[in-house]
Amino acid sequence: MELLSVNIGRARVVSYTDTAGGFTGIDKRPVAGPVTVASPDPGGEGGSGLAGDTVSDPRNHGGADQAVYAFAREDLDRWETVLGRELAPGVFGENLTTLGVDVNGTLIGERWQIGDEVVLEATAPRIPCRTFAEWLGERGWVKRFTQDAAPGAYFRVLRPGTVRAGDPVRVLHRPDHEVTVAFLFRARTTAPELRPRVIAAGEALSREEHARAVKWAAAAAGTI
């Protein structure tokens, strides 16, 4: 299991985003050499966890619980076949493109060590948005991506450091519950019957996802 590429994006103005000023940083490109990774803000607000990377929509992206976004090269390869086009690392807006890692099977609260220093903890799946769809230019993309249910994973930074392409990825800890990134994504989107079970992931969930899970559990128990 390894880190195939580290990708960062600079803000630029486009016509297809609702962010202030029309800025987006979704166009991420692989970089050579080490990149510093750290939590962008202990309070949970702010930008990317990667130095030099831009988050232009802090309402929906970035911050401590979504500091780093990872996507598997294997899923990009699969989409290349489906879409009939080349998909370079970073094109889905991911900071880390992995190889040999089951990103969507990652459990919420699972911890990865990348290289010698950085430790990340999985918090949430990526939810597709208009900017993602317009950036790719694929008809019906939000629906297609949702039905595929392989969204990639957001992480918080537990231990900062530097990463670079070729670093090994090692799983340090897997929690004892069933809530994977794909499970939570399906609960959010196509399989609402899964929602009462999401609470099992506890406070490893992002703050937003944990608040949602508490409401789902209470509704299932008939307490709200």
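As a basis for the values below, the full set of heavy atoms in this structure was taken, side chains included, without hydrogen atoms, waters or symmetry mates.
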* Single-linkage hydrophobic cluster, 4.5 Å side-chain cutoff, I8 and V118 together -> yes
* Hydrophobic cluster membership, V91 vs L83, 4.5 Å side-chain cutoff -> yes
* To do: Show your working on side-chain contact (heavy atoms from CB on, under 4.5 Å) between T180 and N104 and close with a plain yes or no.
  => CA-CA 7 Å; T180 64; N104 301 297; over 6 Å; no
* Structure fact -> d(R207 CZ, R212 CZ) to nearest 0.5 Å is 13.5 Å
* Residues D75, R78; criterion salt bridge (charged side-chain N to carboxylate O under 4.0 Å, His left out); working and verdict -> CA-CA 5 Å; D75 287 321; R78 183 167 50 81; 2.9 Å; yes
So, [X] versus [Y]: side-chain donor-acceptor pair below 3.5 Å or not?
X: T189; Y: T146; result: no
X: E94; Y: T97; result: yes
X: D53; Y: S48; result: yes

Taking the side chain as every heavy atom from C-beta outward, state whether [X] and [Y] have any atom pair closer than 4.5 Å.
X: L136; Y: F92; answer: yes
X: L120; Y: L96; answer: yes
X: L50; Y: V6; answer: yes

* To do: Could you walk me through whether E117 and R159 pass the salt bridge (charged side-chain N to carboxylate O under 4.0 Å, His left out) test, one step at a time?
  => CA-CA 7 Å; E117 301 172 322; R159 188 169 72 202; over 6 Å; no
* Hey, mind stepping through V171 and M1 against side-chain contact (heavy atoms from CB on, under 4.5 Å) and telling me if it holds? -> CA-CA 9 Å; V171 176; M1 301 190 296; 4.1 Å; yes
* Asked: Can you list every side-chain hydrogen bond (donor to acceptor under 3.5 Å, both in side chains) pair that touches residues 80-89, not counting sequence neighbours?
  -> R73-E80, R85-E138
* Below 6.0 angstrom between ring centroids: does that apply to W79 and W141? -> yes
* Taking the six-membered ring of F132, is NZ or CZ of R126 closer than 6.0 Å to its centre and within 45° of its axis? -> yes
